[in-house]
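Structure first, commentary second.
As the structure lists them, so they are numbered: ligands from 1, and atoms in each ligand from 1. Worth knowing before you read on, the calculation uses all heavy atoms, side chains too, and leaves out hydrogens, waters and symmetry mates.
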Amino acid sequence: MSDFNFSLLCGETGPLTTASRPDRLRLSLEGVTPVLAVGDQVLGGTKVAVGNGPDKGDLHAPLAGTIVEMDFYSMLIEVDNGGKADPHSPCAEGGEPLRLWLKSMGVDVGALYKAATLILNGVPPEPGISVFDPLLRDYRKTLEMGLEAVQKVVEPAKIFLVGAKGNRANAFANCTVVHVNPVYPSGLDPLVYKTVLRQEVLPGSRPDDATLLSVKDLYAIGRVMETGRPLTETVMTIGGQNQLVRVGTPVGFLAAEAGAQVQPGDRAVLGGPLRGLAAVNLEQGVDKDTYGLTLMRRETSLETTDNFCLGCGSCERHCPARIMPGMISRCAEFKQFTRAEAYHIHSCMECGLCGYWCTARRPLLQYIRLAKYELALLAGAHAPSAPSEDQIKEQTGDTPC
Ligand code: SF4
Ligand code: SF4
């Protein structure tokens, strides 16, 4: 990775293409409760799980088939030639009924709340990811339908579209365009908030008077409003091409379609090279929020080690949150998780730059994510609980709107 380029400029991208149909779909069950069982047959668009908590969208089968396997983590659907479930009439109301309808249609609605400022983030999340460009160029109508729906819930007084200077960022009606430096990590949400609001927002927190959606989120909402069909696809950059991919499509299938052979020791990363997560195996399916597939070859990517921290300070010099990743990684390494809070671990926006620049090649982002996870457990934070049987019955019917 010595010649790695941090530029967020995407240049001219080609049209969005639709990825091939896989024979099997592996849907992640993280944050959702299944409502069907092994052996059940589904149509494309059948609801297979309801989202836990108030924000997580329900999960629908992208294609028709039979559920052949299910465990705590995922559901496997063997695809057949069955058809699609009937489309729904898009919700004509605004506010909470529309929010609930979108959730029932598979949209994660955590960013949909009343706020004075709505920020649309069109800055690529990582180098090499260009999913927003074809959406802003070719799917204007879908984005406008998404924005209309979002405005009915958020009711913003001001709208900003943030783009990397040099990339496409055509304004929508009553929207101000703001440009940022086209260099990673300018597109990460905390830095976009800082650019627009002139205030620092703790990563993962939700400011009272502002909310932020990516152009990809807007497209997802627009597509649901336009088609009346649930959200069952994601837009991903794979090998420089942007594709519409069915949720649950296995990583290995996508790599093979792109002509890449994954060798032992290579890593297939869901997302980009700096903050993506390595797939557990090539059978893992992509999620609704996966925006890229990056293949990291064993011989060309940096091998991380459990070397001691040298105290050289290189990670600190590159940290956009101005914290001490080396010290936090030492706390995590020796299980002193609460001590990591004294080093402001919660200000970390998980950009991955510290790990990239670490002289000792320590897995700094992984240490930080581990410490955050352990701290959440210590604080008694629980994932939203599964809905009761009555709630499931209510949520598997049509959401009144
Ligand atoms: S990942 Fe590392 S460099 Fe990025 S904000 Fe967190 S501590 Fe700083
Ligand atoms: S760059 Fe690596 S070795 Fe240097 S202080 Fe940071 S963690 Fe320690």
Side-chain angles (χ1 to χ4, degrees), residues 1-2 4-8 121 123-129 162 164 180-197 199-207 212 214 267 269-278 289 291-292 294 296 301-376 379 381:
M1 288 174 79
S2 55
F4 189 75
N5 186 344
F6 289 93
S7 169
L8 295 177
N121 187 356
V123 186
E126 289 191 61
I129 304 293
V162 184
V180 297
N181 189 11
V183 175
Y184 185 76
S186 305
L188 299 189
D189 292 353
L191 297 177
V192 168
Y193 270 129
K194 191 175 172 196
T195 302
V196 176
L197 305 177
Q199 77 184 53
E200 296 199 359
V201 173
L202 212 55
S205 66
R206 165 168 147 163
L212 182 150
S214 73
R267 273 169 295 167
V269 174
L270 294 170
L274 287 159
R275 59 196 316 251
L277 283 174
D289 54 2
Y291 54 67
T294 308
M296 302 189 75
S301 54
L302 287 177
E303 287 255 342
T304 50
T305 69
D306 58 356
N307 284 341
F308 293 121
C309 170
L310 308 171
C312 67
S314 170
C315 54
E316 289 170 34
R317 284 197 294 280
H318 291 93
C319 174
R322 310 181 304 274
I323 56 177
M324 301 170 76
M327 289 307 294
I328 296 172
S329 73
R330 291 192 218 182
C331 298
E333 187 176 15
F334 297 106
K335 296 191 171 63
Q336 298 187 0
F337 301 114
T338 48
R339 213 173 146 209
E341 289 185 313
Y343 292 103
H344 307 285
I345 184 173
H346 299 300
S347 296
C348 167
M349 58 191 87
E350 301 187 16
C351 69
L353 285 174
C354 49
Y356 178 85
W357 291 106
C358 176
T359 316
R361 289 183 283 129
R362 286 161 61 79
L364 297 187
L365 179 56
Q366 287 79 359
Y367 274 133
I368 290 169
R369 283 179 171 157
L370 169 70
K372 283 187 178 179
Y373 173 77
E374 293 289 343
L375 284 167

Please state which protein non-hydrogen atom is closest to [atom] and give its distance, to 0.1 Å?
{"atom": "atom 5 (S) of ligand 1", "value": "M349 N, 3.5 Å"}
{"atom": "atom 6 (Fe) of ligand 1", "value": "C348 SG, 2.3 Å"}
{"atom": "atom 4 (Fe) of ligand 1", "value": "C351 SG, 2.3 Å"}

**Request:** Start with the C-alpha distance between F6 and Y356, add both sets of side-chain angles, then the distance that settles ring pair (Phe, Tyr, Trp, His ring centres under 6.0 Å), and finish with yes or no.
**Result:** CA-CA 11 Å; F6 289 93; Y356 178 85; 5.3 Å; yes
**Prompt:** Would N121 and D189 count as a side chain to side chain contact (heavy atoms under 4.5 Å, CB included) if you check the C-alpha gap in whole Å, the side-chain angles of each, and the deciding distance to 0.1 Å?
**Reply:** CA-CA 8 Å; N121 187 356; D189 292 353; 3.2 Å; yes
**Message:** Assess the residue pair C348 and I328 against the criterion (side chain to side chain contact (heavy atoms under 4.5 Å, CB included)); give the C-alpha distance rounded to whole Å, side-chain angles, the decisive distance to 0.1 Å, and a yes or no.
**Reply:** CA-CA 10 Å; C348 167; I328 296 172; 5.7 Å; no
**Message:** I'd like to know: is atom 8 (Fe) of ligand 1 within the 2.8 Å range of an N/O/S atom from H318, strictly under that distance?
**Reply:**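 Short answer: no, not a single N, O or S atom is under the cut-off.
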**Request:** Under 4.0 Å from a heavy atom of G311: give me the atoms of ligand 2 that qualify, with their elements.
**Result:**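 The list of qualifying atoms is 5 (S), 8 (Fe).
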**Electrostatic pair R275-E126, nearest N-O below 4.0 angstrom** =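 Looking at R275 and E126, the cut-off is not met.
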**Asked** Under 2.8 Å from atom 2 (Fe) of ligand 2, which protein N/O/S atoms are there?
**Response**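 Hits for atom 2 (Fe) of ligand 2 below 2.8 Å: C358 SG.
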**Prompt:** Side chain or backbone of I328 under 4.0 Å from ligand 1, or both, or neither, by non-hydrogen atoms?
**Reply:**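 It is neither; nothing of I328 touches ligand 1.
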**Asked** What salt bridge (charged side-chain N to carboxylate O under 4.0 Å, His left out) pairs are there with at least one residue in residues 327-345, not counting sequence neighbours?
**Response**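 Of all non-adjacent pairs touching residues 327-345, those that pass salt bridge (charged side-chain N to carboxylate O under 4.0 Å, His left out) are E333-R362.
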**Prompt:** In ligand 1, which numbered atoms sit nearer than 4.0 Å to a non-hydrogen atom of I368?
**Reply:**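 In order of numbering, the contacting atoms are 7 (S).
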**Request:** Taking only heavy atoms of C319 into account, list the atoms of ligand 1 that are under 4.0 Å away from them.
**Result:**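 Heavy-atom distances to C319 below 4.0 Å select 3 (S), 5 (S), 7 (S), 8 (Fe).
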Starting at [atom1] of [X], measure out to [atom2] of [Y] and round the result to the nearest 0.5 Å.
{"X": "L277", "Y": "L365", "atom1": "CG", "atom2": "CG", "answer": "8.0 Å"}
{"X": "E200", "Y": "R322", "atom1": "CD", "atom2": "CZ", "answer": "4.5 Å"}
{"X": "L353", "Y": "Y184", "atom1": "CG", "atom2": "OH", "answer": "5.5 Å"}

**Request:** Apply side chain to side chain contact (heavy atoms under 4.5 Å, CB included) to the pair S314 and R317, showing each step before the final yes or no.
**Result:** CA-CA 5 Å; S314 170; R317 284 197 294 280; 3.9 Å; yes
**Asked** Any chance NE2 of H344 has more than 12 other-residue heavy atoms, nucleotides or ligands included, within less than 6.0 Å?
**Response**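 Atom NE2 in H344 is not crowded, with 12 or fewer foreign heavy atoms closer than 6.0 Å.
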